[in-house]
Structures are given as structure tokens and as C-alpha cells.
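Single-structure report; data block below.
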Number of protein chains: 2
Amino acid sequence: MLAPRSLPHGCVDRPEVNDCDSCGARALSVCGSVADRDLERLGGLAEVVKLAAGAVLTREGEPAPHVFNITSGSLRVYKLLPDGRRQITGFLFAGDFLGLAIGEFYVFSAEAIEPTTVCRFRKGPFRALVESSQPLEHMLLHRTSHELAAAQNQMLLLGRKTAIERLASFLLDLPGHDPARPTAPGHVRLPMKRGEIADYLGLTIETVSRVLTRMKAKGIISMPSQSDLIVERPDLLRAHAGGEI
Amino acid sequence: MLAPRSLPHGCVDRPEVNDCDSCGARALSVCGSVADRDLERLGGLAEVVKLAAGAVLTREGEPAPHVFNITSGSLRVYKLLPDGRRQITGFLFAGDFLGLAIGEFYVFSAEAIEPTTVCRFRKGPFRALVESSQPLEHMLLHRTSHELAAAQNQMLLLGRKTAIERLASFLLDLPGHDPARPTAPGHVRLPMKRGEIADYLGLTIETVSRVLTRMKAKGIISMPSQSDLIVERPDLLRAHAGGEI
DNA sequence: CTGATTATTTGATCTGAATCAAATAATCGT
DNA sequence: ACGATTATTTGATTCAGATCAAATAATCAG
């Protein structure tokens, strides 16, 4: 399952409360639950890092001095086996956190899918701040719990669903439409490549492509372009995702 | 990956601080990080529930009034598809928490594997207590983060590892030996049945059995009985688990 | 715009694990 | 201890998805 989106449904972002205009720390406010004072302190700790598409943010096994908050763009988070097999464990978007569970070394790699900006915090001061602010800690627990629930859905998908069920689940989890521009109903953007979808769903590129072709043939979806998709039959998609077909 | 064990390595449990002798709430102390006062209040909220082997604790989709802490025994936590396909997302043992991420309804089912005791808390008062105690909240965040990291390892396993790699990873994650009795080096108990291992690893019973037979043939393990296993070649097991063979 | 590069689709074949089917082996109630 | 039930192992066969192999289609640098 995709990482939970940054802001709860219906939540309006707060105006900036510190001098770190481009920093997503203010996204942490989560509908006002984190005090302005905490935001200021967070902003003071933040370093803005700009990443080109494909740039590496963390590499599994390397020392882990930082925690990150995504300001804009998107990341793929993944693990590798020595022979190159890759499992993408999630896609992260603006507002999402990365690195909360790390110890001394990163246990995953993360790369920008598109041009991306992140706020970077040194682990020590970040932890100190979290310990001094229960609302912040509460928000992190809330998010982490939801990520765990999403991870359990993904285990069901990877362990027990067929290829078409995986694709159906994936398409339903994608954000319905880009908030920037109002789109047609059922319109979905696929910002990632087939290989990334495959490595997220435990399939191959070829299988992803074939299943999308099958879905088109069945009239469940249509694809105006390779990276734009229209869900024509959400009912059928949902039935497939739930394993009812 | 298995759920993280309850107490960090080397952590000694505290003496009881409330009248709830059989309740695992005191396990929450986590080496003294949670104040006695919080423990007393938790103890006051707890109801002890005894479960026979196979008893159902929660059912996916049903209203979720409770959060649980396992006192003794073990649980399997799983999700089902409508046609009965099952994915076990984790095995829980004494000290582990269940239900932190739930909303109004349970999103998983949980059953006792063996005779098991849990402490049950009503969600509302439990949350209120957590909000009033940052050390408690901190401990929950710490545990949940580690569960998330374990879930990501499991995604790699389910999405990309072969059958033998899955079994090797599983055997290495099992607690090395029962703390109750000192066991021979490399000795591992398999408290769960083949069907549970299969549903945890995204395999079938037959494949689990065949892979264990293959491992025996290769001299990697031996099995004095169906539920007792000796790791003869931990080096080879580790190599398989890491996908290096 | 154009050729080169990279991504996607489609086709043929293979294979690891699933399914179907018995044959042991273990466990349990009496 | 004993028959019945349940769990595990082993064997034969099938199949969904992987792999191997081109044929399009899209993108991008110049």
C-alpha cells in the first residue's frame, strides 16, 4: 500500500510560522496539533536538500545521521538483495517522514523519482525535540501506526494476491488525482515507471504490462497515455482488489 | 519478520507495582522508562482475558473497542481474502501490543496459538492515559517503528525471496531458544504448524515441508521432532536468508 | 526535427511453486 | 494402548508468472 498521504483529508495547511519558507516542517502541524513554538524549533534544525530525479538520498547499510521530511516531489524507498532483486517498500510524497525507525545505519535506500525537495534533520537534535514535545511525538506515533497498517495490507497483497489483484489494489491506492489540477473523474496519474510498479508489487515489468493490457481489454481501465489512466469501472477494480473475482 | 520480542535484550523485568499480578502491564516498563505511577493507572484499566488454544481475540471488520497486551502465550495475527486465502502478518508473544493502529474496526483477526493470557484495555481510557504520559507514548512509538521496519523486511521476503530463502529467514528470526529452559546451541522450537508457517511466508504447506526436507538433505538443519529443529549450519542458513546462494 | 536511447508491449517458452492425490506419522480422546 | 482424527511428507501434474527474445513506442539530446 502507498504511504499515507501527508495531510489528513480536509486538513488545510497552516501559514508559515518560521523563516524556512520552502521547508515542509510546517506540514507537520497536522491541522494545528503541533504548537507553533515546536515548529519554529523544527524549522531551526532543518536543512533544505534539493534532489534531481534519480538522486540518492539514503543507501541501505550506510551510517544514518539524518531524518527527513519530504517537502515536494516523491521518493521510492526500497531494499535490495545482493543479486539485485529489489523490493520497493513504499513511495513517499510531500509531508511524509523518512527514517524514524532507523538505528545507526539506514535499513533501506531512498531515491528521488522526480525533482524533489526534503528537509533534513540531524537525528540527535530531532529526537531531543520530539522528546520535548508530546504533540509532535503523538503525531509521529499516529503516522507510524498507519504506515504499519498499510504495510500489513501490502503483506497480504505480496503473500496472497494474484497479479491482477495486485494491480487493482495498487491503482485504487493511488491518489485519485493531482491536487494541482482538477481532473476527470477516475483519472489517475502513474508517476512511476513499469519497473517501479513491478518492484513494488513483487512482479516483473512484463507481467505489469500484460495485466494492464488485460484490464484495458476488459474495459476496466483505459490509458490515454502510458502514465495516465482512467478507471472506467471502479466497481470491477474494487472487486478485483478485494479478491472477489 | 516476527514481531519484535517484548523486552529489549538484557532488560530485566521490574517487580510488580500494582495489584494486577498476572497482567503484563508491568512489562511496559521497558527497563524503567515508564513511571510506576503510569503502570498503576494502566493496571487499573486492565481486564485479564484467558484464551484457550485457537480462541479468537479479534475478527477483522468487527467493532474495535479494545487494545491488548499479551501476558503469556502467543497469537497469530492475520488477514483474509473472501475466498479464504490467509496472510499471517505476524506472531505475537508475551509483552507485545496489539491494536494500536486501529480505528473504529479491527483491520486484522487475532487468535491464540496456544493457551494465552492478554490484558485488555478500552481504547478511550487507554488513549487518554497514553496522552498523559509521554514516556509511555515514546515507548509505543519506539516499538511501532521497529514493527514497521520488520514489516518492511517481510515485504522484501514476500515480494522477492525464493521459498528456501523465506524459510531460512524465518528460522533465523525465531527466538533462538525458549527462555524457560536452557537448550542446545542452534536449537529452535517451532510452536506453529506448517500451515501457519506457510501462511506467514506466502507459501503452501507442501512447499514448506519440501523445503525443510531439502534443508535436512543438505545438512543445514536437523529435526529431532516435527516442532524441534537444530540449525547445524548457521552460516549456510544466513547465506540463504540473505539471498547469497 | 531526427536519430539514438530508453521504456513498453507482445510473443514463445520455461520453471518454481501450486494443486491434486496418496501414503505415512503424530496426536488425542477414550 | 488403540483406533480415529489431524498433521506432515512425498509424488505426479499443472499453471501463473518468470524469463528470454523481439517488435513497437516514447523520450531526449543535439
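In what follows, every chain begins at residue 1, and chains take the letters A, B, ... in the order their sequences are listed.
Both cation-pi conditions hold for B:Arg86 and B:Tyr78: the charged atom is under 6.0 angstrom from the six-membered ring centre and inside a 45 degree cone around its axis.
Inspection of the A:Thr144 and B:Thr144 side chains reveals no N or O donor paired with an N or O acceptor under 3.5 Å. If you check the side chains of A:Thr117 and A:Ser72, you find a donor sitting under 3.5 Å from an acceptor. A:Lys216 and A:Ser222 share no donor-acceptor pair across their side chains, judged by distance under 3.5 Å alone.
Annotation: A:Arg59, atom CZ; neighbour count of heavy atoms from other residues, nucleotides and ligands within 6.0 Å does not exceed 12.
With a 4.5 Å cut-off on side-chain heavy atoms, A:Lys218 and A:Ile164 count as touching.
The residue among A:Arg194 and B:Glu206 whose nearest nucleotide of DNA chain C is located toward the 5' end is A:Arg194.
Remark: P of D:dG17 and CG of A:Leu201 are 12 Å apart, rounded to the nearest angstrom. Atom-to-atom, CG of A:Leu167 to P of D:dA16 comes out at 16 Å; the value is rounded to the nearest Å. Atom P of nucleotide D:dA18 and atom CZ of A:Arg210 are separated by 9 Å, given to the nearest angstrom.
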*Derivation of the salt bridge (charged side-chain N to carboxylate O under 4.0 Å, His left out) call for A:Arg85 and B:Glu165*: CA-CA 13 Å; A:Arg85 279 173 287 170; B:Glu165 290 166 356; 2.8 Å; yes
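The stretch residues 212-226 of chain A touches DNA chain C through A:Thr213, A:Gln226, each having a heavy atom within less than 4.0 Å of the strand.
Taking the ring centroids of B:Phe68 and B:Phe97, they lie at or beyond the 6.0 Å cut-off.
Note that the first and last nucleotides of DNA chain C, 5' to 3', having any atom under 4.0 angstrom from a heavy atom of chain B are C:dA17 to C:dA26.
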